[in-house]
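For reference, positions follow the sequence shown, starting with 1.
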Amino acid sequence: MKKVVIAWFLVIGWMGLIFYFSHQSGEDSSALSGGLTENIYHLLPFWPTDMESFHSLIRKAAHVGVYFGLGILVIHAFRVTMATRPRRLIIWAWILCTCYAITDEIHQLFIPGRSGEVSDVVLDSIGALVGIGLYVVLWKKFASKKEGS
């Protein structure tokens, strides 16, 4: 029971972090990602693109990365909560992450200077699916090692 509570607490906490960043105004969000992008850009002096394109790339990579983490947390929470086949857990975890991505983009429609983008939902969904996939691969790998010992 303790594992279940901790797992879902982490999911809700991660969703809260996503909500916090999504709730920032367009100006604040741009300043935060812009500062981060500049620091990274200057560490890579031979980057073959302009700063604006690099900034866009970093923002899109952030979508994938944040939902990659959410995917891992959600599949783990489902795994410790339900005793069912992995395929069902994968589907439900991906649906939950994608629905959260949709609600996150709708939420941004009401934030000054922000917009809701279908392309961001796609990136979020891909990030979640990759995180879920990695979790499942590692889960099966460690489960087969456990059986073999």
Side-chain angles (χ1 to χ4, degrees), residues 1-41 47 49 51-147:
M1 183 62 175
K2 190 176 180 181
K3 282 183 179 182
V4 172
V5 171
I6 291 170
W8 284 107
F9 178 78
L10 291 172
V11 168
I12 292 167
W14 196 259
M15 287 176 163
L17 186 66
I18 292 170
F19 182 87
Y20 171 77
F21 283 117
S22 294
H23 199 68
Q24 293 179 331
S25 70
E27 188 177 306
D28 291 342
S29 176
S30 192
L32 177 65
S33 64
L36 178 65
T37 301
E38 266 190 57
N39 289 332
I40 295 170
Y41 190 80
W47 193 261
T49 187
M51 181 64 139
E52 189 174 318
S53 298
F54 187 67
H55 184 228
S56 179
L57 177 70
I58 292 294
R59 287 182 72 90
K60 298 307 177 184
H63 275 271
V64 173
V66 167
Y67 277 83
F68 174 88
L70 182 62
I72 289 171
L73 293 172
V74 169
I75 187 72
H76 178 71
F78 277 132
R79 180 178 164 220
V80 298
T81 303
M82 295 186 271
T84 187
R85 289 181 273 149
R87 181 171 286 151
R88 266 203 187 139
L89 297 178
I90 292 166
I91 292 167
W92 282 111
W94 187 64
I95 288 171
L96 178 62
C97 291
T98 301
C99 287
Y100 191 72
I102 292 167
T103 62
D104 183 48
E105 291 302 315
I106 292 170
H107 163 240
Q108 288 181 47
L109 293 172
F110 300 98
I111 307 301
R114 300 294 294 264
S115 62
E117 303 292 331
V118 172
S119 62
D120 288 346
V121 172
V122 171
L123 289 171
D124 297 341
S125 182
I126 290 168
L129 192 57
V130 171
I132 292 165
L134 176 64
Y135 182 92
V136 170
V137 166
L138 294 174
W139 171 17
K140 287 184 177 190
K141 180 178 179 175
F142 288 111
S144 67
K145 278 187 178 182
K146 206 177 201 182
E147 289 172 4

Less than 3.5 Å apart, which donor and acceptor atoms pair up between the side chains of residues 124-139 and the rest of the protein, not counting sequence neighbours?
residue, atom, partner, partner atom, Å
Asp124, OD1, His63, ND1, 2.7
Ser125, OG, Trp94, NE1, 3.0
Ser125, OG, Thr98, OG1, 3.1
Tyr135, OH, His76, ND1, 2.6
Tyr135, OH, Arg79, NH1, 3.0

Review item, side-chain donor-acceptor pairs of residues 1-14, under 3.5 Å, at least two apart:
residue, atom, partner, partner atom, Å
Trp8, NE1, Thr81, OG1, 2.7
Trp14, NE1, Val66, O, 2.8

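- Closest heavy-atom contact between Leu70 and Cys97: CG-SG, 3.9 Å.
- Considering only residues two or more places apart in sequence or on other chains, Ser115 meets the side chain to side chain contact (heavy atoms under 4.5 Å, CB included) condition with Glu117.
- With sequence neighbours left out, the side-chain hydrogen bond (donor to acceptor under 3.5 Å, both in side chains) criterion links Lys140 to no other residue.
- Remark: Gln108 CD to Gln24 CD distance equals 10.0 Å, nearest 0.5 Å.
- Across all their heavy atoms, Ile72 and Ile75 have their closest contact at O-CG2, 3.3 Å.
- Residues passing the side chain to side chain contact (heavy atoms under 4.5 Å, CB included) test with His107 are Phe19, Ser22, His23, Asp104, Ile111, sequence neighbours excluded.
- The distance from atom OH of Tyr100 to atom CG of Leu96, rounded to the nearest 0.5 Å, is 10.0 Å.
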